[in-house]
Amino acid sequence: MNKKKKPFLGMPAPLGYVPGLGRGATGFTTRSDIGPARDANDPVDDRHAPPGKRTVGDQMKKNQAADDDDEDLNDTNYDEFNGYAGSLFSSGPYEKDDEEADAIYAALDKRMDERRKERREQREKEEIEKYRMERPKIQQQFSDLKRKLAEVTEEEWLSIPEVGDARNKRQRNPRYEKLTPVPDSFFAKHLQTGENHTSVDPRQTQFGGLNTPYPGGLNTPYPGGMTPGLMTPGTGELDMRKIGQARNTLMDMRLSQVSDSVSGQTVVDPKGYLTDLNSMIPTHGGDINDIKKARLLLKSVRETNPHHPPAWIASARLEEVTGKLQVARNLIMKGTEMCPKSEDVWLEAARLQPGDTAKAVVAQAVRHLPQSVRIYIRAAELETDIRAKKRVLRKALEHVPNSVRLWKAAVELEEPEDARIMLSRAVECCPTSVEDAEECDRAGSVATCQAVMRAVIGIGIEEEDRKHTWMEDADSCVAHNALECARAIYAYALQVFPSKKSVWLRAAYFEKNHGTRESLEALLQRAVAHCPKAEVLWLMGAKSKWLAGDVPAARSILALAFQANPNSEEIWLAAVKLESENDEYERARRLLAKARSSAPTARVFMKSVKLEWVQDNIRAAQDLCEEALRHYEDFPKLWMMKGQIEEQKEMMEKAREAYNQGLKKCPHSTPLWLLLSRLEEKIGQLTRARAILEKSRLKNPKNPGLWLESVRLEYRAGLKNIANTLMAKALQECPNSGILWSEAIFLEARPQRRTKSVDALKKCEHDPHVLLAVAKLFWSQRKITKAREWFHRTVKIDSDLGDAWAFFYKFELQHGTEEQQEEVRKRCESAEPRHGELWCAVSKDIANWQKKIGDILRLVAGRIKNTF
């Protein structure tokens with residue numbers, strides 16, 4: 001190291017060092033610091049400066065404007081709260097008290113922002129989610145396809161071909177054609193050069209325009225193509241406005257030439273030409289990929305099933321909405337060839353085709369479907385002349401003289417006098433024989449009635465409407481007490497639809513309600529021959545034999561049912577019931593054991609447990625119940641039976657344990673919650689029962705049954721105020737529950753019950769529980785006639801509600817005659833009710849397991865007390 005050299009030389013100066021400041025030197029500025037003097041028009045050093053900043057003067061103006069920092073104090077820039085957009089005191093000094101004030105305001109703003117932060121963030125989150133749902137990213141639109149890529153195997157991935165450029169050379173290397181318009185000066189220059197000629201072309205004299213050697217020029221073979229005055233006289237300049245007029249004239253002539261030379265009808269409307277072009281632009285706003293996918297799917301449908309009319313109609317409409325009208329027409333005409341018997345295809349083709357073509361299509365449709373009313377109506381609509389419409393409709397009436405729609409359309413076109421004549425003819429032709437058949441039925445002429453019905457039942461009905469219309473006609477005949485007419489309709493319908501299970505069922509129920517046992521059994525025998533898989537028809541036949549006392553015949557029917565439906569749960573259980581009802585318990589046990597081995601289901605196990613339970617074989621019932629729960633632990637009725645058996649043995653702890661285990665597996669079973677709550681109430685644990693019901697309502701919200709039990713628990717405990725409060729909450733949560741409204745009516749004091757019943761009917765007008773409550777209300781007010789009317793209404797709207805039949809029977813026992821009492825009992829036995837709180841409490845009692853419907857009705861009615 002050189003000792004003469006100072007160690008600090010060549011090193012960077014320390015931070016904040018100012019040369020000469022230590023010895024009192026105050027610095028100075030030289031020309032080398034600021035650069036040479038420059039003129040205002042000299043360009044700046046930046047070669048790419050934007051306009052307005054390219055000279056030294058521009059830069060100086062910008063800097064001076066920045067230094068001035070003038071503020072916009074215009075009135076439009078003033079706000080009542082914030083003042084002007086800029087600060088009025090920005091040029092003043094910023095002192096410490098200003099800094100403290102700003103800190104305080106910032107702290108306040110932060111505190112206020114934190115108070116609204118959660119709500120604002122939630123609102124922003126919802127707005128973002130809504131925005132992303134309405135405008136999803138492209139990445140989100142293909143997320144489902146990306147997920148499917150996980151299923152692609154390595155072989156499938158490698159088998160994907162490489163993407164190559166399949167375009168031809170011209171498409172790959174486009175050379176755009178350059179078109180340069182000729183300026184007006186070009187024409188003017190050449191016109192001026194033409195002024196040197198001293199002679200005039202005779203053709204120019206003749207046509208008064210320019211004769212150019214270019215084909216397609218101003219001298220055209222069309223009349224008027226060369227208009228006089230293209231060159232302004234005396235100036236030698238070309239008038240471009242006249243050239244534009246000449247071009248329009250030429251376009252008008254070309255449009256005129258596309259008119260039909262025979263009829264003179266214009267094929268193209270010159271005035272509406274552009275409008276028609278605009279109408280051809282497709283207005284469909286769907287994604288082009290979706291359209292391609294739909295087109296591909298419909299093509300697949302047409303190829304796999306070319307005789308399926310909806311496929312052709314859908315394909316044509318797809319092309320129509322995408323603007324390809326001609327493609328749609330071609331498709332639908334192809335559809336008429338493949339489906340010539342489809343009325344809808346022909347109508348769609350007529351709709352898509354224009355004018356006379358549509359008429360030709362309809363004429364072709366009439367040849368294929370001469371009985372179609374809709375096609376005749378469409379043909380009449382296509383005609384514009386009234387006489388042509390009349391001609392079409394009269395021709396249609398020759399083929400379909402019994403169509404009311406055709407007669408109505410024809411009559412509407414006639415003058416009043418002619419219309420009256422045509423109406424009389426329409427009355428003669430249109431069938432009114434159904435009423436005649438009903439008159440014959442009432443007069444006792446059964447054969448005539450049936451013959452008339454067979455002759456007219458199929459007239460004037462579309463093929464797809466036959467079943468529905470005939471079933472309605474049969475119901476109408478039953479309502480008019482024309483039973484033979486209804487029987488004839490069912491017989492004809494069964495000939496047309498021999499494999500329709502629903503028609504056989506309707507006919508069977510008709511014979512059950514209005515026929516004899518022999519007619520019902522004969523009908524069911526035919527039914528099972530045509531519908532051997534319909535279990536309900538086999539069971540109806542077996543039950544009819546059993547009710548008649550012919551048990552061997554019922555067994556034989558069930559044996560045949562087993563052959564047609566092996567391992568059918570319904571038939572197994574019907575056979576078990578047949579044997580147990582006839583005291584053949586050993587046969588029933590064997591059947592159940594066989595069913596458990598061949599067709600084990602939860603219901604089969606349940607019936608097995610019940611059979612042992614009613615026979616007082618408690619140990620066997622418990623063993624079967626445990627075995628069943630190992631297989632079907634989510635079947636709540638098994639847990640209920642287990643708990644009830646323990647409860648019957650006075651083993652309350654085991655019963656509670658069974659109910660609790662069942663609720664762990666079946667937390668949504670309302671009867672299990674009710675059994676556990678009533679068990680706690682039974683042993684005096686009212687608080688625990690209340691807690692159980694509250695827990696059940698949390699797990700099963702909006703459950704009317706649980707709310708009702710909670711209200712009744714408080715009412716039985718004598719806490720009527722709490723019961724009323726709970727009822728109000730229940731009606732808020734379940735405002736349309738009829739069972740809650742019916743209970744609420746009788747929680748009110750007597751003067752307020754009528755008002756409450758009106759509110760209940762407004763909320764639940766057709767609920768059987770509300771109707772039953774109103775009937776009981778009239779009964780309590782001694783309005784016997786009204787009460788009987790409402791009881792009839794209740795059992796009519798829901799014949800399966802056993803409580804309604806029990807109250808009705810109790811009412812007739814007190815206020816009715818023996819005939820009325822017997823009528824209610826028979827109607828109840830025919831309805832075979834299975835539901836109702838009071839009804840199920842008696843019918844499902846083990847002591848009453850062999851009771852008939854009539855016996856259960858008397859037992860339930862005997863338990864009813866007029867305390868309401």
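All values reported here derive from a predicted model rather than from experimental measurement.
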Side-chain donor or acceptor of [X] paired with backbone N/O of [Y] under 3.5 Å:
X	Y	answer
Ser568	Asn565	no
Asp550	Trp546	no
Ser830	Arg827	no
Ser544	Met540	no
Ser669	Cys666	no
Trp639	Leu672	no
Asp798	His769	no
Glu612	Ala620	no
Lys642	Cys625	no
Ser742	Ile739	yes

Mark yes when over 12 heavy atoms from residues, nucleotides or ligands other than [X] sit less than 6.0 Å from its [atom1]; otherwise mark no.
X	atom1	value
Phe562	CZ	yes
Lys637	NZ	no
Glu134	CD	yes
Arg754	CZ	no

Is a donor from one side chain sitting under 3.5 angstrom from an acceptor on the other, for [X] and [Y]?
X	Y	value
Gln644	Trp613	no
Glu118	Gln122	no
Lys763	Ser737	no
Asn700	Thr670	no

Residue pair Lys852, Glu829: steps toward the side-chain contact (heavy atoms from CB on, under 4.5 Å) verdict: CA-CA 9 Å; Lys852 305 294 184 185; Glu829 290 177 349; over 6 Å; no
Please report whether the ring centroid of Phe791 lies less than 6.0 Å from that of Phe807.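 Centroid distance Phe807-Phe791: not below 6.0 Å, so no.
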Aromatic ring proximity, centroids under 6.0 angstrom, Trp673 and Tyr659: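 Aromatic pair excluded; centres sit 6.0 Å or further apart.
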Answer yes when [X] and [Y] have at least one side-chain N-carboxylate O distance shorter than 4.0 Å, and no when they do not.
X	Y	answer
Glu694	Lys699	no
Glu579	Arg555	yes
Arg596	Glu627	no
Glu633	Lys665	yes
Glu680	Arg656	yes
Arg619	Asp623	yes
Arg858	Asp855	yes

I need the [X] [atom1] to [Y] [atom2] distance, nearest 0.5 Å.
X	Y	atom1	atom2	answer
Leu558	Lys545	CG	NZ	12.5 Å
Leu674	Leu706	CG	CG	6.0 Å
Lys756	Leu761	NZ	CG	13.0 Å
Ile692	Leu675	CD1	CG	11.0 Å
Leu611	Met606	CG	CE	12.0 Å
Leu524	Leu537	CG	CG	6.5 Å

Please name the pair of heavy atoms, one in [X] and one in [Y], separated by the smallest distance, quoted to 0.1 Å.
X	Y	answer
Gly643	Ala655	O-CB, 3.5 Å
Pro735	Trp741	O-NE1, 2.9 Å
Arg834	Asp800	N-OD1, 3.0 Å
Trp504	Ala527	CE3-CB, 3.4 Å
Cys734	Leu740	CB-CD1, 3.9 Å
Ala775	Ala787	O-CB, 3.7 Å

Less than 4.5 Å apart, side chain to side chain, heavy atoms only: is that true for [X] and [Y]?
X	Y	result
Thr794	Phe808	no
Lys577	Lys607	no
Trp707	Lys729	yes
Glu570	Arg603	yes

Using the ring of each side chain (for Trp, its six-membered ring), is Phe605 parallel, tilted or perpendicular to Tyr632, with breaks at 30° and 60°?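 Ring orientation, 0 to 90° scale: tilted.
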Ring geometry between Phe811 and Trp779 (parallel below 30°, tilted from 30 to 60°, perpendicular above 60°):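 Ring orientation, 0 to 90° scale: perpendicular.
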Run the salt bridge (Lys or Arg N to Asp or Glu O under 4.0 Å) test on Glu789 and Arg793 for me, step by step, so that the C-alpha distance in whole Å, both residues' side-chain angles and the decisive distance to 0.1 Å come before the verdict. CA-CA 6 Å; Glu789 178 184 343; Arg793 191 176 300 179; 3.2 Å; yes
Verdict with reasoning, Lys654 to Glu657, per salt bridge (Lys or Arg N to Asp or Glu O under 4.0 Å): CA-CA 5 Å; Lys654 290 187 177 181; Glu657 182 182 356; over 6 Å; no
Can you list everything that forms a side chain to side chain contact (heavy atoms under 4.5 Å, CB included) with Lys826? Sequence neighbours excluded, please.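 In terms of side chain to side chain contact (heavy atoms under 4.5 Å, CB included), with neighbours along the sequence ignored, Lys826 is linked to Glu822.
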Out of the candidates Glu714, Glu709, Glu681, only one should pair with Arg690 under the salt bridge (Lys or Arg N to Asp or Glu O under 4.0 Å) rule; please name it.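 The option that passes is Glu714.
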Salt bridge (Lys or Arg N to Asp or Glu O under 4.0 Å) evaluation trace for Lys543 with Glu832: CA-CA 13 Å; Lys543 186 175 182 180; Glu832 297 182 357; 2.6 Å; yes
Going by side chain to side chain donor-acceptor pair (under 3.5 Å), name the pairs with one or both residues in residues 838-848, residues two or more places apart or in two chains.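 Those involving residues 838-848 do not exist here.
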In sequence, state the C-alpha distance, the side-chain angles, and the governing distance for Gln615 and Arg589, and then conclude on side-chain contact (heavy atoms from CB on, under 4.5 Å). CA-CA 11 Å; Gln615 291 297 309; Arg589 282 193 183 93; 3.7 Å; yes
I would like to know whether Lys649 and Glu646 meet side-chain contact (heavy atoms from CB on, under 4.5 Å); could you show each step before the answer? CA-CA 5 Å; Lys649 294 167 58 181; Glu646 299 293 352; 4.3 Å; yes
Could you go step by step and tell me if Leu686 and Leu713 meet the side-chain contact (heavy atoms from CB on, under 4.5 Å) rule? CA-CA 8 Å; Leu686 184 63; Leu713 177 67; 3.5 Å; yes
